[in-house]
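Numbering of ligands and ligand atoms starts at 1, following listing order. What you are looking at is a predicted structure, and each value in this text was computed from that prediction instead of being measured.
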Amino acid sequence: MDKIRIRGGAPLSGNITISGAKNAALPLMAACLLTDKPLHLVNVPDLSDVTSMAELLTQLGGEVDFKKAAESHRMTLCAKDLSSTTAPYDLVRKMRASVLVLGPLVARAGEANVSLPGGCAIGTRPIDLHLKGLEALGAEIALDGGYIHAKAPQGLKGATFTFPIISVTGTENLLMAATLAKGETRLINAAREPEVGDLAHCLNGMGAKISGIGTDTLIIEGVNRLEGTTHHVIADRIEAGTYAMAAALTNGSVRLKGAHLALIPTVAALLQQAGVELEENDDSVLVKGPSDRLQGVDMMTEPFPGFATDLQAQWMALMSLTEGAAMITETIWENRFMHVPELCRMGANITVHGSSALVRGVQQLKGAPVMATDLRASVSLVLAGLVATGDTLINRVYHLDRGYERVEEKLRACGADIERVR
Ligand code: UD1
């Protein structure tokens, strides 16, 4: 199994090009199921989660052609004929975002059988709201043998659905389903994450009628059919935030090409409070570490535009070297502190109290062998390794490959001493 070895200490300096967003690409790929015409996606990241979604779409009868180029990867997807409406356990188990095929399949084919994703490392992650929302649109849902069986033989009907809790993929599933429902659908308390907006813009490009994009109320006027289109995937704000924190931690200076501060408003504000300089130009953000030590800044994760839970572990790595202390509160996932014991093994001073973690800044982290437990936890260990003295060896790096394209290459280009070892 691959490992990553990092010898810490070098300040990062140079340019990093931010890839297309994983969490935008996955629902956009699933949207190909809504039409028999080709969907062209530009700026698709080359990640193992993208490969998993491509495998699932192929299993359903879609054709996926992924052309990887140095400049920008392009993917063409075409679900001319659906050969199956079943998303099997083996594929859904690998990646929970597989549940994104549920809404499009019911809308287009009138039925879907999707394996229940089950628990996962960062919490129970239920999908009850996806199902309640589809029921509101007239689907009949049954759970049997570990599968969700959804049926709407006469097609879906527009309705108003209010999310009691904000759900990103829940909003995306219902948004896609509602594009082909009869009449108007209103999704209230919808997720405002930029990836939801990106999907809505692509669906409108395919002929859907969605308004309220970027707000918490999405209004969808159903249409009879959707066409193909060409769509550019937005930049990955989580990747951008991660590298911004890497630059800050190592007291470096890195230009993030393709990054936009509007996609990370709270993260940007908190970085500045911690003493990090951010300068936005046309299509890039220059991040410079502080002249003195970083300052401890409290943080609470929240739905967009709040601080993204997918950057919580990285913020903890950053705060572990500050002057003073920081209280980090996780409000989205109930079990998302698995990086804490690993960071502590590297010398961080962190104590967990329920859903909050108190990080007391230390002068120095020390390299150690550590274990990656999930995607964002593993990258927090990379950040810690970049600034620690000595060698850090990160095990189970397949988690990283799910969400960070060419992570060692991008960091090495900025002077990091990092390599993948077998
Ligand atoms: C998406 C992101 C993930 C991110 C998360 C929160 C993708 C592919 N994944 O995950 O990286 O960490 O948003 O920003 O975009 N909930 C329910 N019932 C449901 C659905 C969700 O109770 O039916 C709860 C969850 O347990 C959680 C909260 O709602 O506490 C938010 O979950 P949700 O936004 O649905 O996360 P995902 O869409 O799975």
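The shortest N/O to N/O separation between Lys22 and ligand 1 does not fall below 3.5 Å. The distance criterion of under 3.5 Å between nitrogen or oxygen atoms is met by Leu129 with respect to ligand 1. The distance criterion of under 3.5 Å between nitrogen or oxygen atoms is not met by Arg96 with respect to ligand 1.
In this structure, Ala416 and Leu12 approach most closely via the heavy-atom pair CB-CD2, 3.8 Å.
A donor-acceptor pair under 3.5 Å links the side-chain atoms of Asn395 to the main chain of Val370, judged by distance alone. Between the side chain of Asn43 and the backbone N or O of His232 there is no donor-acceptor pair closer than 3.5 Å. A distance-only check finds no donor-acceptor pair linking the side chain of Lys22 to the backbone of Asp236 [under 3.5 Å].
Taken to the nearest 0.5 Å, the CD1 atom of Ile188 stands 12.0 Å off from the OG1 atom of Thr171.
Remark: Phe163 CZ is packed, more than 12 non-hydrogen atoms of other residues, nucleotides or ligands lying under 6.0 Å away.
Residue-level proximity to ligand 1 for Ile166 is carried by the backbone, the only part with a heavy atom below 4.0 angstrom. At a 4.0 Å heavy-atom cut-off, ligand 1 touches Thr169 through backbone and side chain alike. Of all the heavy atoms of Ile165, the ones lying under 4.0 Å from any atom of ligand 1 belong exclusively to the side chain.
Between Gln273 and Met299 the shortest side-chain heavy-atom distance does not fall below 4.5 Å. Here the side chains of Arg360 and Thr351 are in contact, with some heavy-atom distance below 4.5 Å.
Proximity of Arg336 to ligand 1 is established by a heavy-atom distance of less than 4.0 Å.
Looking only at atom types and distance, the side chain of Gln312 has no donor-acceptor partner in the side chain of Thr301 under 3.5 Å away.
Taking every non-hydrogen atom of Thr309 and a distance limit under 4.0 Å, the qualifying atoms of ligand 1 come out as 6 (C), 12 (O), 14 (O). Below 4.0 Å from some heavy atom of Asp310 lie the following atoms of ligand 1, by number and element: 3 (C), 4 (C), 11 (O), 12 (O). Taking a cut-off of under 4.0 Å to the non-hydrogen atoms of His130, the atoms of ligand 1 that pass are 23 (O). Close contacts of ligand 1 with Ile127, meaning ligand atoms under 4.0 Å from a residue heavy atom, involve 19 (C), 23 (O).
Taking each of Val168, Leu131, Thr301, Asp374 in turn, the one with a heavy atom nearest to atom 34 (O) of ligand 1 proves to be Val168. In the candidate list Ser98, Ala97, Pro126, Pro126 is nearest to atom 19 (C) of ligand 1, counting heavy atoms.
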